[in-house]
Amino acid sequence: MVCLPPAYSLDLSFQPCNFIRAEVFVSQGNRSILVLRKKQDKRSKSVSCKSLPQDSLIIPDSHIAPSDTLPPLVSALKASAEENVASFHFPGHNRGRAAPSSLSQLIGLRPFSHDLPELPELDNLFSPQGPILKAQEEAAKLFGSSETWFLVGGTTCGIQAAIMATCSPGDYLILPRNCHISAISAMVLSGTIPKYIIPEYDNLWDIAAGVTPLQIEKAIKELEMEDRKAAAVFVTSPTYHGICSNLGEISKLCHSHGIPVIVDEAHGAHLGLHPQLPQSALQQGADLAVQSTHKVLCSLTQSSMLHMSGNMVDRERICRCLQTLQSTSPSYLLLASLDAARAQLSEKPGTIFNEAMDLAIKAKYCIKRIPGISVLETPTFPKFPFIDPLRLTIGVWQLGLSGFDADEILDRDDRIICEVVGTQSITFSINLGTSSEHIQRLLSGIQKLSECYMSSKSVEERVEHSDSAPLTDVNMILNPREAFFAQKRKVAIEESLGRICGELLCPYPPGIPVMIPGEIMTEKALDYLLLVRSKGAMVIGASDPLLSSIVVCDV
């Protein structure tokens with residue numbers, strides 16, 4: 001058990017939430033009526049509403065609100081689902097009447113009753129004039145954008161749209177070499193040519209950081225010397241590990257050259273929403289920011305937002321790109337969850353993250369005092385101003401363990417599930433749903449890890465790390481689009497060195513490519529891929545999961 005000093009003691013007392021239990025009663029007319037009974041309060045009155053047949057549900061008390069106080073899109077979806085209609089439209093489960101029993105037993109029937117198509121009262125995602133428009137306008141107010149678009153294809157489609165809206169075939173895009181694979185697919189779609197920046201890298205942690213203003217300035221000047229200009233600059237901030245680039249300086253630099261700034265802010269939708277959090281990309285002058293609202297914030301998985309600021313980017317082109325990339329049958333559950341997540345933040349602006357921040361600070365304080373455990377902090381990357389305090393990355397190499405080893409032990413012994421695993425570290429995400437009990441379990445698990453493995457290794461055995469970054473020596477022969485459409489064949493791995501890589505080789509998580517199609521296969525990159533594979537990482541994009549063979553471009 002890890003003990004906290006008096007000033008940092010955690011209140012581990014747990015009070016069960018006040019829940020409402022939904023029970024189903026069948027009336028004489030064989031119609032189901034949903035009756036909500038408040039648990040632990042016999043004096044409360046039953047509330048009934050029209051409903052399709054429901055399974056028993058447990059619904060958090062705080063989520064029940066009158067329709068006139070609900071967010072606009074949530075309210076419209078609720079009203080539409082409760083109408084007594086004869087529906088002859090898609091989807092085929094017909095508001096839950098034909099829901100597959102295996103899934104309805106898992107999630108109940110209510111999600112099906114709200115899984116509706118683009119009915120007139122629910123507005124149209126690609127030409128919003130009603131509740132979707134209102135919901136997006138409310139989001140723009142909260143996040144400080146001139147316009148916000150809801151995304152049902154995740155941040156991936158937002159990044160693709162942002163790059164396609166700013167870059168045409170043959171244009172140059174300045175971006176970090178550790179960008180997410182969605183940026184690579186965007187270059188395939190758009191025909192954009194990458195001008196890569198090799199990010200700052202720490203060999204001990206085996207972690208890449210962001211990019212600096214000086215690196216971007218150097219890339220801009222190199223293109224100018226070739227009589228070329230970047231169509232856009234793309235920055236990932238924060239990274240998966242929470243490392244934030246100096247977007248304020250980067251934006252000023254790029255704007256002085258007339259270049260728009262796109263920020264992959266997938267892991268930073270919460271930034272700027274608390275005094276102790278770094279400023280958001282928009283607050284620092286970015287033109288486009290794409291956020292995964294489903295990560296630290298509380299919308300459903302796959303739902304994201306694209307924010308625009310200023311007038312440097314053509315909004316009509318963004319709309320056309322989104323219409324090209326997004327489904328013509330968007331999920332209203334995903335859209336409504338974005339509206340609900342925005343409303344949740346608006347209820348307590350500036351303070352909603354107080355408890356999460358407090359837990360994060362206390363957890364870091366304790367973990368730093370556990371023998372053999374390192375904590376990733378800003379001194380590791382002195383050129384970067386902030387590391388997201390809600391992202392906690394610990395190093396375990398002094399215990400003679402890889403991150404994959406430590407993750408397996410924590411999962412097996414304490415059922416602690418992390419966000420991302422690396423060769424040397426594990427990263428945990430603290431969010432609005434993190435409890436003090438789970439923090440205590442994390443602290444106890446890490447303490448046990450230290451006690452079990454610190455004493456069993458000599459100092460010489462403990463420290464083991466890679467001595468070279470995997471993202472160096474990038475030599476691109478074909479741009480991503482050319483490589484995508486090139487003829488390919490499979491060769492044995494020992495024959496791949498010096499050949500043009502024909503497939504995306506990307507250890508997952510976190511989804512950052514080590515080799516991109518069109519690049520020369522280097523020994524350093526190959527050694528790194530084999531290393532992470534041997535330590536338990538999955539290499540997505542590889543046609544041969546065992547990496548005994550690799551696809552190369554036959555040119």
Side-chain angles (χ1 to χ4, degrees), residues 151 153-199 211 219-220 222-223 226-236 259-264 266 288 290 306 313-314 317-318 320-326 471 473-491 496 498-506 508 511-522 525 539-543 550-555:
L151 308 174
T155 294
T156 289
C157 82
I159 288 173
Q160 291 170 342
I163 291 175
M164 291 173 67
T166 53
C167 301
S168 298
D171 283 349
Y172 282 82
L173 174 68
I174 295 173
L175 75 167
R177 182 53 184 72
N178 63 329
C179 62
H180 190 263
I181 58 176
S182 57
I184 309 303
S185 62
M187 290 188 286
V188 171
L189 291 168
S190 64
T192 304
I193 302 173
K195 172 68 174 176
Y196 289 124
I197 294 174
I198 304 301
V211 296
I220 292 173
E222 286 176 353
L223 286 176
E226 299 171 3
D227 199 25
R228 298 187 175 108
K229 178 184 176 181
V233 167
F234 180 90
V235 181
T236 303
I259 302 171
V261 177
I262 305 167
V263 179
D264 173 358
L288 295 174
V290 195
L306 169 59
V313 181
D314 182 354
R317 187 165 169 179
I318 293 176
R320 289 194 298 271
C321 292
L322 287 174
Q323 190 164 0
T324 300
L325 295 163
Q326 294 213 89
L471 302 177
D473 302 328
V474 173
N475 185 4
M476 184 181 70
I477 303 299
L478 303 175
N479 68 49
R481 184 178 178 87
E482 291 171 336
F484 183 87
F485 290 105
Q487 293 293 320
K488 300 177 181 67
R489 64 188 179 94
K490 189 176 290 188
V491 300
S496 67
R499 304 294 297 270
I500 302 174
C501 185
E503 57 185 347
L504 196 74
L505 299 175
C506 179
Y508 189 86
I512 295 169
V514 170
M515 288 300 303
I516 293 173
E519 296 177 349
I520 292 292
M521 183 71 68
T522 65
V539 180
I540 64 170
S543 56
I550 286 178
V551 172
V552 298
C553 294
D554 196 11
V555 294

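As a basis for the values below, the full set of heavy atoms in this structure was taken, side chains included, without hydrogen atoms, waters or symmetry mates.
- Considering every non-hydrogen atom in both Pro194 and Met476, the closest pair reads CG-SD, 3.5 Å.
- From Ile193, atom CD1 reaches atom CG of Leu173 across 10.5 Å, with rounding to the nearest 0.5 Å.
- The minimum heavy-atom distance between Ala232 and Ile262, with the atom names listed, is CB-CD1, 4.1 Å.
- Separation of atoms CD1 (Ile500) and CG (Leu478) is listed at 4.5 Å; rounding is to 0.5 Å.
- Open room surrounds CD on Gln487; 12 or fewer heavy atoms of other groups in view lie less than 6.0 Å from it.
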side-chain contact (heavy atoms from CB on, under 4.5 Å) between Leu505 and Ile550, intermediate numbers included: CA-CA 9 Å; Leu505 299 175; Ile550 286 178; 4.1 Å; yes

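- In this structure Thr324 satisfies the side chain to side chain contact (heavy atoms under 4.5 Å, CB included) test with no other residue, sequence neighbours excluded.
- With rounding to the nearest 0.5 angstrom, the OG atom of Ser182 is 11.0 Å from the CG atom of Leu189.
- In this structure Thr192 satisfies the side-chain hydrogen bond (donor to acceptor under 3.5 Å, both in side chains) test together with Ser190, sequence neighbours excluded.
- Annotation: side-chain hydrogen bond (donor to acceptor under 3.5 Å, both in side chains) contacts of Lys488 (sequence neighbours excluded): none.
- Of all heavy-atom pairs spanning Cys321 and Ala165, the tightest one is SG-N, 3.8 Å.
- The closest side-chain heavy-atom distance from Pro517 to Leu504 is below 4.5 Å.
- Two residues are said to be in side-chain contact when any heavy atoms from C-beta on lie closer than 4.5 Å; Leu288 and Ile318 meet this criterion.
- Contact annotation: the side chain of Leu151 approaches that of Leu322 to within less than 4.5 Å [non-hydrogen atoms, C-beta and beyond].
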Intermediate values then yes/no, side-chain contact (heavy atoms from CB on, under 4.5 Å), Arg499 and Arg489: CA-CA 11 Å; Arg499 304 294 297 270; Arg489 64 188 179 94; 3.1 Å; yes

Test log, rule salt bridge (Lys or Arg N to Asp or Glu O under 4.0 Å), inputs Glu519 and Arg177: CA-CA 12 Å; Glu519 296 177 349; Arg177 182 53 184 72; 2.8 Å; yes

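- Ser496 approaches Met521 most closely through the heavy-atom pair O-CB, 3.3 Å.
- Here Tyr172 pairs with Arg228 under the side-chain hydrogen bond (donor to acceptor under 3.5 Å, both in side chains) rule; sequence neighbours left out.
- Applying the salt bridge (Lys or Arg N to Asp or Glu O under 4.0 Å) definition to pairs two or more places apart or across chains, none involves residues 153-176.
- Atoms SG and CE, on Cys179 and Met187 in that order, are 5.5 Å from each other to the nearest 0.5 Å.
- Here the closest non-hydrogen pair linking Pro260 and Thr166 is CG-CG2, 4.3 Å.
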For residues 156-164, please give each side-chain donor-acceptor pair under 3.5 Å, one per line with the distance, not counting sequence neighbours.
| residue | atom | partner | partner atom | Å |
| --- | --- | --- | --- | --- |
| Gln160 | NE2 | Ser185 | OG | 2.8 |

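- Ile174 contributes atom CD1, which lies 13.0 Å from atom CZ of Phe234 (distance to the nearest 0.5 angstrom).
- With a 4.5 Å cut-off on side-chain heavy atoms, Asp264 and Val290 do not count as touching.
- Closest non-hydrogen pair, Ala230 versus Ile259, comes out as O-CG1, 3.7 Å.
- Atoms CE and OG1, from Met515 and Thr522 in turn, are 6.0 Å apart once rounded to the nearest 0.5 Å.
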